[in-house]
Structure formats: structure tokens, C-alpha cells
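One structure, pasted below without further comment.
The shown structure was predicted, so the numbers you read here are calculated from the model rather than taken from an experiment.
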Amino acid sequence: MNAYAPILVLGALGAGFAIFSVVMATLIGPKRYNRAKQEAYECGIEPTPTPAGGGRFPIKYYLTAMLFIVFDIEIVFLYPWAVSFDALGIFGLVEMLLFVLTVFVAYAYVWRRGGLEWD
């Protein structure tokens, strides 16, 4: 249990700071609400009314978001691999090459389908 104590303390400090910030903002923050403050801010442009069912986003938006998540996950796996590269040996190299090849196939598919072209 001693090995996990610093992690638990850091988690408790983070949660305590988050709770403290939300509570203090509620207690101390200004409470003068008006119509202009309640509206969404869109870079100085008057907000347009949204349809009753919500606005429709183009599929390219979701493809770009999913591609970002795929590459983000790849980076998350590449950092620990790079740190322990010597200890993993040739097995670690082959496994990472297979992983990067899999991600590259997904990237090539999206590129070929035109998912990276923003119209």
C-alpha cells in the first residue's frame, strides 16, 4: 500500500482543488445574470438559432475527430515504449512496428476516402 500512497495523495489533492474551485466560484462569483450573458458566444457573431432537433454536423467533422483520437492513442502508447525500448528488445520493436502499421492503414484508408479534405 505504501507504493500507492503518493498516487492517492495526488488524486485527493486534485479532487480537493477541483471541488474547492467550483464551490468558491459559486459563492464568490457575480450573480447578475442578464440575457446577453446567457447567450452562447460565437466570436462576436450573433448566434444563429438552432433547429429543434439540434444542428447537423458533416460526417467529415466526426472523421477528423476520430482520426485525432486514433493518433492521440498512438502517441500514448509510443511514449512508454520509447522509455523501455532497450528492455523490450526485438520483440518490442516488432510489436510497435505492427501497431504503427495498423494505424498507418487506418490513416491511408481515411486519406484515400477523402476524409482529410475539408470542403
Crowding at CZ, Phe77 (>12 non-hydrogen neighbours, <6.0 Å):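 Result for CZ/Phe77: open.
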Joint cluster assignment, Val76 & Val100, ILVMFWY side-chain distance < 4.5 Å: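 The answer is no; the residues belong to distinct hydrophobic clusters.
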Check: Trp81 side chain, Met96 main-chain N or O, donor-acceptor pair, under 3.5 Å: no
Flag side-chain contact, heavy atom, 4.5 Å: Leu67 against Phe71: yes
Shared hydrophobic cluster for Leu8 and Ile19 (ILVMFWY, side-chain gaps under 4.5 Å): no
Trp111 CH2: over 12 foreign heavy atoms closer than 6.0 Å: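 Atom CH2 in Trp111 is not crowded, with 12 or fewer foreign heavy atoms closer than 6.0 Å.
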Leu101/Leu97 under side-chain contact (heavy atoms from CB on, under 4.5 Å): CA gap, chis, key distance, verdict: CA-CA 6 Å; Leu101 180 69; Leu97 285 175; over 6 Å; no
same_hphob_cluster(Val105, Ile75) at 4.5 Å side-chain heavy-atom cutoff: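 No, it is not one cluster - the side chains of Val105 and Ile75 are not joined through contacts under 4.5 Å.
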Test item: Val70 and Met66 side chains (from C-beta on) under 4.5 Å apart, heavy atoms: no
Transitive ILVMFWY side-chain link Leu27 to Val22, under 4.5 Å: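 No, because Leu27 and Val22 fall into different hydrophobic clusters, even though each may have its own neighbours under 4.5 Å.
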Plane angle bin for Phe104 and Tyr107 - parallel if under 30°, tilted between 30 and 60°, otherwise perpendicular: tilted
Approximate separation, where rounding is to 0.5 Å, of Phe17 CZ and Leu13 CG: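 Going from the CZ atom of Phe17 to the CG atom of Leu13 covers 11.0 Å.
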4.5 Å side-chain heavy-atom contact, Leu88 and Leu93: no
